[in-house]
Asker: 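What follows is a structure written as structure tokens; I'll ask about it next.
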Amino acid sequence: MKLINIQNKDYEIVIVGMGYVGLTYALYLNKIGYKVIGVENNNIVQDSINSKNLPFFEKGLEKYLNQFITNNMINVQSPKEFKDQISDIAKVYIITVGTPINNNKIDKTSIIKVFNFLNNVVTGEDAISLRSTVALGYTRKYCENLSVKTKYCFAPERTIEGKAIEELSTLPQVFGANDPDSKIFFNNFFSQVSSETFE
């Protein structure tokens, strides 16, 4: 059970959105040794995960959930609980909320709520990685309008349902960042959690 160390500094990994993409990524990170804090707005999903019940089916995943909840490797909190209990440790926020297509447009309702939440908790010591499907330029637009300047990147999720843990451990992680500090930071981060990294 450990924090991730990037450029000689410890970071907590916080995954915002504990649906399929967020929970499978959290359990994968647990599997390779990192503790994860999950943030989930849906109380039913939050309670289900903390009670060791998968909110969806994927063969073999329940054993990981049971093991990592038991070993305190993952804990899912509401946005309010997270804000009330937030530690002084720097954080890597990984955003995985759904962005469904409605009437040929990306529904940004959930992701806008996430950025409103981040505006109240993020510090200049933190970093943000967006894994949700969004339009070109969206990550830059929102991260550069946060109340503080922070490192950020876009790192799309690329797994197939039913094979998430296997694919997360073998597929290269592609990411994009705008500034040199963010590029160096996330290259370091993904080099520790992915088989290969492509900037």
Side-chain angles (χ1 to χ4, degrees), residues 1-4 6 10-58 60-100 109-123 125-133 150 152-153 155-159 161 164-165 167-169 173 186 189-190 192-194:
M1 181 172 69
K2 62 181 179 180
L3 304 176
I4 191 162
I6 305 168
D10 284 336
Y11 287 81
E12 290 181 321
I13 300 174
V14 181
I15 297 182
V16 184
M18 295 302 287
Y20 181 84
V21 173
L23 182 55
T24 54
Y25 197 52
L27 295 176
Y28 166 70
L29 292 171
N30 290 159
K31 187 172 180 280
I32 60 174
Y34 297 108
K35 185 173 182 178
V36 173
I37 300 170
V39 177
E40 173 56 54
N41 198 43
N42 185 318
N43 291 336
I44 294 172
V45 173
Q46 178 190 348
D47 292 343
S48 176
I49 294 169
N50 287 333
S51 300
K52 306 178 187 176
N53 297 312
L54 275 178
F56 53 81
F57 175 76
E58 178 153 339
L61 210 59
E62 196 146 8
K63 70 175 183 181
Y64 288 125
L65 179 64
N66 193 312
Q67 175 187 342
F68 298 136
I69 290 284
T70 299
N71 293 335
N72 200 30
M73 293 285 285
I74 180 172
N75 174 258
V76 183
Q77 304 168 3
S78 70
K80 183 181 185 308
E81 287 171 333
F82 178 81
K83 187 178 174 184
D84 289 347
Q85 302 170 37
I86 196 165
S87 72
D88 292 333
I89 302 168
K91 293 163 183 60
V92 178
Y93 291 97
I94 300 170
I95 303 169
T96 63
V97 295
T99 48
T109 305
S110 294
I111 209 159
I112 288 170
K113 287 180 182 175
V114 169
F115 278 101
N116 289 336
F117 161 72
L118 288 176
N119 244 335
N120 290 307
V121 296
V122 76
T123 74
E125 300 293 311
D126 300 331
I128 298 169
S129 176
L130 182 59
R131 290 181 78 81
S132 304
T133 302
T150 187
Y152 66 88
C153 80
E157 176 272 329
R158 304 167 59 225
T159 54
E161 288 190 27
I165 298 293
E167 292 198 337
L168 285 166
S169 65
Q173 178 63 64
F186 281 104
F189 174 77
F190 289 123
Q192 295 183 65
V193 301
S194 304

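What you are looking at is a predicted structure, and each value in this text was computed from that prediction instead of being measured.
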Asker: Side chains of Ser87 and Lys91: do they bring a donor and an acceptor to under 3.5 Å?
Answerer: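 Ser87 vs Lys91: donor-acceptor pair found between side chains.
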Asker: Rounded to the nearest 0.5 Å, what's the gap from CD1 on Ile74 to CG on Leu65? Could you check?
Answerer: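 One finds 7.0 Å between CD1 of Ile74 and CG of Leu65.
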Asker: Looking at residues at least two apart in the chain, or sitting in another chain, which of them share a side-chain contact (heavy atoms from CB on, under 4.5 Å) with Ser194?
Answerer: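 Listed in chain order: Gln173, Phe190, Thr197.
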Asker: Which donor-acceptor pairs under 3.5 Å do the side chains of residues 22-33 make with protein atoms, sequence neighbours left out?
Answerer:
{"unit_1": "Thr24", "atom_1": "OG1", "unit_2": "Tyr20", "atom_2": "O", "d": "2.7"}
{"unit_1": "Thr24", "atom_1": "OG1", "unit_2": "Val21", "atom_2": "O", "d": "3.2"}
{"unit_1": "Tyr28", "atom_1": "OH", "unit_2": "Val193", "atom_2": "O", "d": "2.6"}
{"unit_1": "Asn30", "atom_1": "ND2", "unit_2": "Tyr34", "atom_2": "O", "d": "2.9"}
{"unit_1": "Asn30", "atom_1": "ND2", "unit_2": "Met73", "atom_2": "O", "d": "3.1"}

Asker: Does Asn71 use its side chain to pair, donor to acceptor, with the backbone of Gln67 at less than 3.5 Å?
Answerer: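 A pair under 3.5 Å: yes.
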Asker: Determine, step by step, whether Ser78 and Lys83 satisfy the side chain to side chain donor-acceptor pair (under 3.5 Å) criterion, reporting the C-alpha distance in whole Å, the side-chain angles of both residues, the deciding distance to 0.1 Å, and the verdict.
Answerer: CA-CA 9 Å; Ser78 70; Lys83 187 178 174 184; over 6 Å; no
Asker: Atom CD1 in Ile86, atom CD in Glu81: separation rounded to 0.5 Å?
Answerer: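 Between atom CD1 of Ile86 and atom CD of Glu81 there are 13.5 Å.
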Asker: Hey, are Gln77 and Glu40 close enough side-chain-wise for a donor-acceptor pair under 3.5 Å?
Answerer: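 Note: Glu40 and Gln77 side chains miss the donor-acceptor criterion.
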Asker: For Phe82 and Phe117, run side chain to side chain contact (heavy atoms under 4.5 Å, CB included): C-alpha distance rounded to whole Å, both residues' side-chain angles, the deciding distance at 0.1 Å, then the answer.
Answerer: CA-CA 10 Å; Phe82 178 81; Phe117 161 72; 3.5 Å; yes
Asker: As an exercise, state the distance from CD1 of Ile13 to OG of Ser129, rounded to the nearest 0.5 Å.
Answerer: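 Rounded to the nearest 0.5 Å, the CD1-OG separation comes out at 10.5 Å.
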Asker: Between Thr96 (side chain) and Gly17 (backbone), is there a donor-acceptor pair under 3.5 Å?
Answerer: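 Checking the backbone N and O of Gly17 against the side chain of Thr96, a donor-acceptor pair under 3.5 Å is found.
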Asker: Please determine whether side chain to side chain contact (heavy atoms under 4.5 Å, CB included) holds for the pair Met18 and Val39, giving the CA-CA distance in whole Å, both sets of side-chain angles, and the decisive distance to 0.1 Å.
Answerer: CA-CA 7 Å; Met18 295 302 287; Val39 177; over 6 Å; no
Asker: In Å and rounded to the nearest 0.5 Å, what is the CG to CG distance from Leu118 to Asp126?
Answerer: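 Taking CG in Leu118 and CG in Asp126, the distance rounds to 9.0 Å.
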Asker: Which heavy atom of Gln192 sits nearest a heavy atom of Ile6, and at what distance?
Answerer: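 Heavy-atom minimum between the residues: NE2-CG1, 4.0 Å.
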Asker: Please assess Ile15 against Arg131 for the test side chain to side chain contact (heavy atoms under 4.5 Å, CB included), listing each intermediate value before the final yes or no.
Answerer: CA-CA 10 Å; Ile15 297 182; Arg131 290 181 78 81; over 6 Å; no
Asker: Short question: side chain of Asn50, backbone of Val76 - any donor-acceptor pair under 3.5 Å?
Answerer: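 Such a contact is found between Asn50 side chain and Val76 backbone.
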Asker: From Ile128 CD1 over to Ile95 CD1, what is the distance, rounded to the nearest 0.5 angstrom?
Answerer: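 Here the interatomic distance stands at 5.5 Å.
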Asker: For the side chain of Ser48 and the backbone of Ile44, is there at least one donor-acceptor N/O pair under 3.5 Å apart?
Answerer: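 Side chain of Ser48 to backbone of Ile44, a donor-acceptor pair under 3.5 Å: no, none is there.
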Asker: Would you call the rings of Phe68 and Tyr64 parallel, tilted or perpendicular, where under 30° means parallel and over 60° means perpendicular?
Answerer: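 Ring orientation, 0 to 90° scale: parallel.
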Asker: Report yes or no: does Thr123 contribute a side-chain atom to a donor-acceptor pair with the main-chain N or O of Glu125 at less than 3.5 Å?
Answerer: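 Flag set: sc Thr123 to bb Glu125 pair under 3.5 Å.
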